[in-house]
Each structure stands twice: as C-alpha cells, then as structure tokens.
Protein chains: 4
Amino acid sequence: MINRVVLVGRLTRDPELRTTGSGISVATFTLAVDRQFSNAQGERGADFISCVIWRKAAENFANFTSKGSLVGIDGRIQTRSYDNKDGQRVYVTEVIVDNFSLLESRRDREARIQNGGYNQPAGNNSFPASNGTPIANSNPAPAPAQPQDPFAGSGDAIDISDDDLPF
Amino acid sequence: MINRVVLVGRLTRDPELRTTGSGISVATFTLAVDRQFSNAQGERGADFISCVIWRKAAENFANFTSKGSLVGIDGRIQTRSYDNKDGQRVYVTEVIVDNFSLLESRRDREARIQNGGYNQPAGNNSFPASNGTPIANSNPAPAPAQPQDPFAGSGDAIDISDDDLPF
Amino acid sequence: MINRVVLVGRLTRDPELRTTGSGISVATFTLAVDRQFSNAQGERGADFISCVIWRKAAENFANFTSKGSLVGIDGRIQTRSYDNKDGQRVYVTEVIVDNFSLLESRRDREARIQNGGYNQPAGNNSFPASNGTPIANSNPAPAPAQPQDPFAGSGDAIDISDDDLPF
Amino acid sequence: MINRVVLVGRLTRDPELRTTGSGISVATFTLAVDRQFSNAQGERGADFISCVIWRKAAENFANFTSKGSLVGIDGRIQTRSYDNKDGQRVYVTEVIVDNFSLLESRRDREARIQNGGYNQPAGNNSFPASNGTPIANSNPAPAPAQPQDPFAGSGDAIDISDDDLPF
DNA sequence: TTTT
DNA sequence: TTTT
C-alpha cells in the first residue's frame with residue numbers, strides 16, 4: 001500500500017543513539033513541526049512527532065544534529081503497542097525515517113549554538129525557519145577522531161541517508 | 001486519485017508574478033533541488049522543477065522570496081501541452097503549489113543578499129542548506145509601500161498559504 | 001514548516017461521525033496500511049493509523065466508506081495529549097485528513113459487503129489491493145433518504161474533499 | 001534537500017521494459033492521474049505523468065501491470081534535457097519510482113481484461129477507482145516459465161519494490 | 001534558462 | 001502519445 005511522510009522541523013532535544021542487541025544502531029528524536037496557522041486564540045502551536053532512524057543513517061544523524069537543529073525527513077508512519085508496568089496497553093505512533101536532510105546553514109547552526117540553543121538574541125528575530133544555538137556538535141576545537149564535518153569546504157546542502165554516505 | 005509532491009530547494013531566479021485577464025495573481029518560479037547522491041563522476045546534480053502558485057499565495061510568495069531563497073513547498077504535479085510557433089507540440093510538467101514555507105533564516109537571507117546571491121564567501125562554508133549573512137532586525141527604515149515583513153518579531157518559522165494569511 | 005502524509009489503506013471499522021458543540025462535523029477512523037515487506041518471521045504486518053476528517057468532507061467520508069473500504073488520503077500529522085481518568089498523560093498522534101479518494105471499484109465494494117466485509121471467498125484470491133464481488137449496476141431501487149451515490153453514471157474514480165463537492 | 005512524490009493512477013499503456021547497455025533493467029510508463037475537481041466547463045481532466053523505474057523493480061512492474069492497471073507509486077521528480085534532431089533543446093520531467101503498489105483487485109483486473117481494457121460495461125458504472133479489462137497478464141493457463149503470480153492465495157494488497165522481493 |  |  002502507500003505510507004509516506006515528509007516533515008521539516010526542529011529537534012526538541014539531542015537525538016538518542018543506541019545499539020540493539022544484534023548490534024544495529026538506532027537513533028530516536030522528536031521533531032517539533034510548527035503548524036501552518038494560528039488557532040482562534042492566536043497560538044500557532046506545533047506538533048511533536050517521534051521519529052526513529054536505523055543503521056548507518058542513525059549514526060550520521062546523531063553526529064550531525066542536536067537540540068534545535070532544523071532537519072527535513074521522509075519516511076513512513078509505524079504503529080505499535082506494548083503493555084506498561086501498570087498493565088495498561090500503550091499505543092505508539094512513530095515515523096520511521098528513510099532519509100534526512102540538514103536544512104540549517106553552518107552560520108545559523110553556529111549562531112544557535114552560541115546562543116545556547118535559541119538562535120536569535122532577544123529583540124532580534126529570525127526570518128522563517130532556522131536559527132539558534134544548540135550545545136552539542138559545535139566542534140569547538142576540531143576534535144580529532146571525531147566524525148569529519150561533511151560540510152567543511154562546501155557551500156552545498158548535504159542530504160544524508162542510509163548507508164550511502166561518503167563519510 | 002492521489003497526486004502529492006513535497007520539495008525543498010532554492011529559487012533559480014526571482015519569481016515572476018503576473019495577473020491573468022480575469023485578475024488572478026500567478027507566480028512562477030523554478031526550484032533547484034539538490035539530488036541526494038553523487039553520480040559515478042562524483043557530481044551531485046540538481047533537479048530544476050517548474051512551479052506555479054496562484055492567488056494571494058502567489059503575491060506572498062513573490063513578496064518574500066527571491067533568487068536563491070530556500071523554500072519548502074507542497075502541491076501536485078500538473079501536465080499540459082501546447083503547440084509552439086513551429087507547430088510542434090510541447091509537453092509541460094509543473095508543480096502547482098498549495099503551500100509554501102520559507103526555510104531560510106533572516107540571518108542567512110540577508111547574508112546571501114549581501115553577497116550578491118551566493119551566500120558564502122569563498123573559503124567559508126555553509127552547513128547543509130541555506131546560508132546568508134545576519135543583519136538581524138533590519139528593515140532599516142520600514143520602506144513605505146513595501147509589503148510588511150511578516151517575520152518581524154518572531155523567532156519561528158512562518159508558513160504561508162492560500163488566502164489565509166494574517167498580512 | 002512542512003508536515004505532509006499520504007496513506008492508502010483499508011478502514012478497520014465503519015467511520016464514526018460526530019458533531020462538535022459548535023455544529024462542526026468530524027469523522028474519525030483507523031486506516032490499516034499493510035507494510036511493504038515481511039519481517040524475519042515472514043509476517044507482513046500493518047500499521048493502524050488514526051485519522052480525523054472535518055466538516056463537509058467528514059460527512060462525505062462517512063457516507064461513502066465503511067469497514068474494509070480501500071481509501072487513499074493526504075493530510076498532516078497532529079499530536080496532542082490529555083490526562084486520562086487515572087491521571088496519566090496520554091499522547092495521541094493522528095492524521096488530519098485534507099483530501100480522500102475512494103480507491104475501490106463498485107464491483108469490489110459490493111462483493112466485499114456481500115462477503116460480510118472480507119472481500120474474497122476462501123479459495124479465491126484477490127489481486128493486490130481491494131476486492132469484492134460484482135453486482136454491477138446495482139442500486140436497484142435508489143433508496144430514498146440515502147446519500148446520493150456520487151458514482152452512479154460515472155466510470156471515473158472520484159476524489160472527494162473539503163467543501164468542494166458537487167453533491 | 002527533499003524531493004518526494006506520491007501518485008495513484010492508471011497506466012495509459014503497457015509499460016515498456018528495456019535493458020541499458022550495462023545490463024540494467026528500466027521500465028517506463030505514463031500514469032494518468034484524475035484530477036480532484038472539475039473545471040469551469042465541468043471537465044475533470046487528468047495529469048499524464050511520465051515515470052521511470054529501475055532494476056528488479058522494473059521487471060516486477062512490467063510483469064504485473066498493463067494498460068489500465070491501477071497503481072500507487074512513490075518516488076522523486078527528476079529533470080533532464082537533450083537536443084532533438086532539429087537541434088532544439090527538449091526539457092523532460094519524470095518521476096523516478098522508488099516503490100509501487102498494485103491497487104486493483106484480481107477481480108477488477110480480470111474484469112477489466114475481459115472488457116478489453118475498459119472495466120465497466122456501458123450503462124454500468126464503476127464505483128470510485130479501478131475496473132476494466134486489460135489484455136496482458138491474465139495468466140489464463142498458468143503458463144510455466146512465466147513470472148509467478150505473487151497474488152495467488154492472498155487477500156492482501158502486495159507492494160513491490162527494488163530488489164527486495166520474495167519472487 | 002538554472003540554486004547554494 | 002494518453003487511463004478508468
């Protein structure tokens with residue numbers, strides 16, 4: 001059948017990278033996607049969408065994003081359920097990510113990091129999307145043995161996906 | 001049936017805004033969408049996708065984007081054909097845009113414009129997509145007869161759509 | 001930002017149509033979307049995705065679908081939470097439907113209904129999706145007080161959407 | 001960046017399967033996707049969208065679809081250009097298909113084939129989408145050395161994709 | 001005719 | 001060049 005999702009939003013926290021028992025990498029994160037229109041109360045609101053990414057893409061994702069990062073993803077909706085400690089069935093809906101794209105410029109990312117995660121000084125305002133200063137991934141001293149910054153020396157957007165990366 | 005498209009890319013030129021005989025606004029533009037992977041020759045390439053946007057959204061689009069702007073859109077593919085002056089049938093495929101979202105920060109947008117459209121000085125490199133040079137809170141003298149900056153005073157992304165805008 | 005979903009699946013039950021206090025129609029339903037690939041155990045599985053549709057489209061949807069209907073939809077993911085009677089916070093993820101398309105032929109739909117919802121008699125097998133048993137040209141006596149069958153007299157697929165319907 | 005398309009429509013002709021010089025399978029086809037709404041003249045219209053599918057998925061696609069088949073696909077828009085014999089540059093926009101899903105029941109497919117491609121006898125009308133009788137793929141006597149019908153014995157939709165098929 |  |  002067909003099950004396809006495309007989202008652009010910001011990470012609500014640093015992604016969590018784990019490894020399954022069988023040694024497969026998984027990263028989980030939540031995307032805050034601002035809604036298009038304000039409600040009657042004039043609030044714009046956002047949807048907070050749980051996402052899961054697997055394998056090499058998970059590692060790449062974890063290496064190049066952090067709280068506040070602006071990313072685009074495409075994937076599919078997956079549902080599952082489990083019984084919690086109270087014996088209650090909990091239903092979970094997540095987006096399984098196939099590909100992602102980092103949509104924030106180095107400039108914005110660094111400014112966002114500088115500002116402690118929010119990318120615009122008070123009284124100053126961003127145009128559309130992106131801005132802020134996260135904490136992680138700033139690469140303050142180009143730590144060796146760190147994942148290479150794939151963006152160094154490139155003015156291009158870089159899309160990153162499953163297993164197929166040059167880095 | 002189903003016909004849905006989502007794109008994130010950059011305008012190859014300023015959008016062209018026109019009015020139909022019956023007074024409806026239309027804007028046309030081409031989005032350059034970088035491909036995800038490089039080919040055998042190591043070239044990354046891009047797709048150049050013709051887009052059309054109608055009515056009030058067309059006016060908003062034309063007011064807030066220009067060559068190089070990073071935008072996200074959703075819409076549908078439309079095909080049509082016409083006979084050119086040589087009597088040959090020409091087939092056209094365009095994306096009819098339902099909604100758009102400006103994905104570039106004010107910082108990046110202004111830096112990009114400062115740089116004459118290309119957003120990163122040589123030797124300096126952008127992170128993923130988007131770029132620019134911050135002159136935050138600009139709009140130095142709120143040029144009269146200019147479209148109001150809908151982004152002033154907001155740190156959030158702003159999505160803009162058909163007829164439903166607060167400005 | 002961008003938040004777009006496209007699904008094709010079958011209703012797990014008849015849709016539930018309600019009216020809000022302010023008189024707006026809403027229908028809710030769950031789509032079962034078969035997964036693309038089987039897991040290690042050879043089970044194919046499906047995702048069960050909660051959907052919500054509003055206004056006139058909700059009424060149309062409720063009139064022309066039932067348990068087992070094959071439908072395509074496009075919309076966006078919405079998240080919300082509430083506290084249940086046990087004082088526990090429950091997180092809900094739903095798809096807000098913008099448009100839908102009925103993807104089942106009259107033949108299949110009638111056969112499905114004949115069969116009590118499941119569309120293929122044992123020993124008989126469906127091709128891909130959808131099923132049913134032809135009793136073409138039915139609608140034997142155009143049941144009064146019934147929603148008009150928008151498909152009568154048309155060999156075309158019919159897509160149905162918000163407020164814009166000819167019926 | 002992001003470039004994602006989802007379509008549901010019918011093949012305007014049998015797909016064309018070819019092999020590149022380096023031995024890779026490609027199939028091309030056009031999807032007719034009925035538009036959602038009628039225009040001022042009451043015509044509904046359709047978009048005719050060129051699609052390309054590669055490798056094993058191409059072979060599967062060619063084996064299980066024919067003129068009139070109802071299919072869902074997801075993929076991305078690709079643009080290219082070439083100079084024709086008259087030395088004129090021709091611009092081409094195609095959808096590169098990642099996955100497809102056969103959305104027509106065996107019943108409808110066979111009825112469509114019986115009817116010579118159009119799936120409903122005159123004066124009789126289809127419900128929403130699908131119907132008709134194509135010519136190919138009917139498998140009248142289970143021709144040996146033919147691709148196995150992946151749908152035999154299954155009441156479920158079957159989605160087919162790149163390289164990952166059980167048949 | 002293409003963006004960064 | 002178009003499907004149902």
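Numbers restart at 1 for each chain; the letters A, B, ... are given by sequence-line order, proteins then strands.
- Look at CG on D:Asp34: it is 11 Å from P on F:dT3, rounded to the nearest Å.
- Panel note: side chain D:Thr65, backbone D:Ala62; no donor-acceptor pair is recorded below 3.5 Å.
- The distance from atom CZ of D:Arg35 to atom C1' of F:dT3 is 14 Å, rounded to the nearest whole Å.
- Nearest nucleotide to the side chain of B:Tyr91, out of F:dT3, F:dT1, E:dT4: F:dT1.
- Closest to the side chain of B:Arg10, out of E:dT4, E:dT2, F:dT3, is E:dT4.
- The interatomic distance linking D:Asp47 (CG) with F:dT4 (P) rounds to 17 Å, in whole Å.
- Classification of the B:Phe61-B:Phe29 ring pair by plane angle, with boundaries at 30° and 60°, yields parallel.
- Distance from the side chain of D:Ala32 is smallest to F:dT3 among E:dT1, F:dT3, E:dT3.
- The distance from atom CG of D:Leu7 to atom C1' of F:dT3 is 13 Å, rounded to the nearest whole Å.
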Per-residue pairing states of DNA chain F in dot-bracket (Watson-Crick or G-U under 3.5 Å; . unpaired, | other strand) read ....

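- With salt bridges taken as basic N to acidic carboxylate O contacts below 4.0 Å, one links D:Asp108 and C:Arg107.
- Summarising the geometry, the separation between CZ on B:Phe29 and C1' on E:dT4 is reported as 16 Å, rounded to the nearest angstrom.
- Salt-bridge annotation for B:Glu16 and B:Arg18: present, with a side-chain N of the basic residue lying under 4.0 Å from a carboxylate O of the acidic one.
- The side chain of B:Thr30 sits closest to E:dT2 out of E:dT2, F:dT4, E:dT3.
- Here F:dT1 presents its P atom at 12 Å from CD of B:Gln88, a figure rounded to the nearest Å.
- Rounded to whole angstrom, the span from the NZ atom of D:Lys67 across to the C1' atom of F:dT1 amounts to 11 Å.
- Heavy atoms only, all atoms of each residue included: D:Gly75 and D:Asp98 are closest at CA-OD2, 3.7 Å.
- Looking at heavy-atom distances under 4.0 Å, D:Arg89 makes contact with sugar-phosphate atoms alone, never a base.
- In this structure, D:Asn84 contributes its side chain and D:Gln88 its backbone to a donor-acceptor pair below 3.5 Å.
- Take B:Arg13 and apply the salt bridge (charged side-chain N to carboxylate O under 4.0 Å, His left out) test, not counting sequence neighbours, and it matches no residue.
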